[in-house]
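One structure is given below, encoded as structure tokens.
Quick note on labels: first sequence line is chain A, next is B, and so on, each numbered from 1. Worth saying up front: this structure is predicted, and the values here are computed from it rather than measured.
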Amino acid sequence: MDQSEPRAADQVIRGIALYREFLDLPAQQEVLQALRRVIAAAPLFHPQTQRGKQMTVRMTSAGKFGWVSDRRGYRYEPCHPAGMPWPPIPPAILRIWNALSGSDRQPESCLVNFYGEGARMGLHQDRDEKDMGAPVVSLSLGDEGLFRVGNLERGGPTQSVWLHSGDVLVMGGAARLTYHGIDRIRFGSSRLTPRGGRINVTLRVVT
DNA sequence: CAGTAACG
DNA sequence: AAAG
């Protein structure tokens, strides 16, 4: 249906649009509550990389496909490693996509990454999707995280920015394949997550 | 297969 | 090599 013109980004970092505090506190709480139901249906798991190293984040997914990683590689699967189908993407999360993606398509995958104390994610590209035409939309909830932005290939200078609860990133166009990662979490810095931790929710078209 | 260096 |  008709949408108002999307709000302008607060900052653009190498083509990645940052919308600071796109969700206010009540909206963050609504999404968090929905994520608790997602995690109840599809528990967080601790993936391994292709080379057998355990990642420090725990993750799960919602939607038609979820991202999984093990020695067989990175890929999207229709079911959780424990066998159950992924639950549907909560409407409160779909609204963010519809407000900011600029895409006609709906997201097929909603990856939920939980960063506990000391968790990080190395520089990587989101390149496991067959269709890279739609952007990746990324919501931060809970503790602050230091986001690092690299280049379209490995190497070269990088830039970092602290992300806060409610911030949304849109990685589209030429920036869709930019290397990025999370260097550090300020554990316990947010009041949204009383027991600490950062949650990142990423929406993608996969097929 | 694992360990190390270096990357950022 | 490396969502390490």
Handout entry: Selected nucleotide, minimal atom distance to Arg154(A) side chain, candidates dG4(C), dG8(B), dA2(C)
Key = dA2(C)
Exercise for the section: Could you check how far CZ of Arg71(A) sits from C1' of dC1(B), rounded to whole Å? Expected result: 12 Å
Practice task
Using a 4.0 Å heavy-atom cut-off across all strands, classify Gln125(A) as base, sugar-phosphate, or nothing.
Solution key: nothing
Completion exercise
Side-chain atoms of Lys53(A) come closest, of dA2(C), dG8(B), dG4(C), to dG4(C)
Practice task
Specify whether His180(A) and His124(A) have parallel, tilted or perpendicular ring planes, treating 30° as the upper limit for parallel and 60° as the lower limit for perpendicular.
Solution key: tilted
Practice task
Measure the distance from CZ on Arg148(A) to P on dG4(C) and round it to the nearest whole Å.
Solution key: 13 Å
Problem - 4.5 Å side-chain heavy-atom contact, Leu141(A) and Leu35(A) - result: yes
Completion exercise
Whole-Å distance, Ile182(A) CD1 to dG8(B) P, equals 18 Å
Exercise for the section: Name the nucleic acid region contacted by Thr158(A), choosing base, sugar-phosphate or nothing; use a 4.0 angstrom heavy-atom cut-off, strictly under. Expected result: sugar-phosphate
Exercise for the section: Rounded to the nearest angstrom, tell me the gap between atom CZ in Arg51(A) and atom P in dT4(B). Expected result: 14 Å
Problem - Spacing between His124(A) atom NE2 and dG4(C) atom P, to the nearest angstrom - result: 8 Å
Problem - Salt-bridge contact Asp143(A)-Arg195(A) (side-chain N to carboxylate O under 4.0 Å) - result: no
Exercise for the section: Determine the contact category for Gly181(A): base if any of its heavy atoms lies under 4.0 Å from a base atom, sugar-phosphate if only primed atoms, P, OP1 or OP2 are that close, otherwise nothing. Expected result: nothing
Exercise for the section: May I ask you to check whether over 12 heavy atoms, not counting those of Arg184(A), lie within 6.0 Å of atom CZ? Expected result: no
Problem - Rounded distance (Å) that lies between atom P of dC7(B) and atom CG of Asn151(A) - result: 15 Å
Handout entry: Between dG8(B) (P) and Ile13(A) (CD1): distance, integer Å
Key = 19 Å
Problem - Whole angstrom value for the distance that separates P of dG4(C) from CZ of Arg184(A) - result: 17 Å
Practice task
Answer yes when Glu30(A) and Arg95(A) have at least one side-chain N-carboxylate O distance shorter than 4.0 Å, and no when they do not.
Solution key: yes
Practice task
Check every strand shown and say whether Asn200(A) touches a base, only sugar-phosphate, or nothing at a heavy-atom separation below 4.0 Å.
Solution key: nothing
Practice task
Under 4.0 Å between any heavy atoms, over every strand shown, what does Gly155(A) touch: base, sugar-phosphate, or nothing? Just pick one.
Solution key: sugar-phosphate
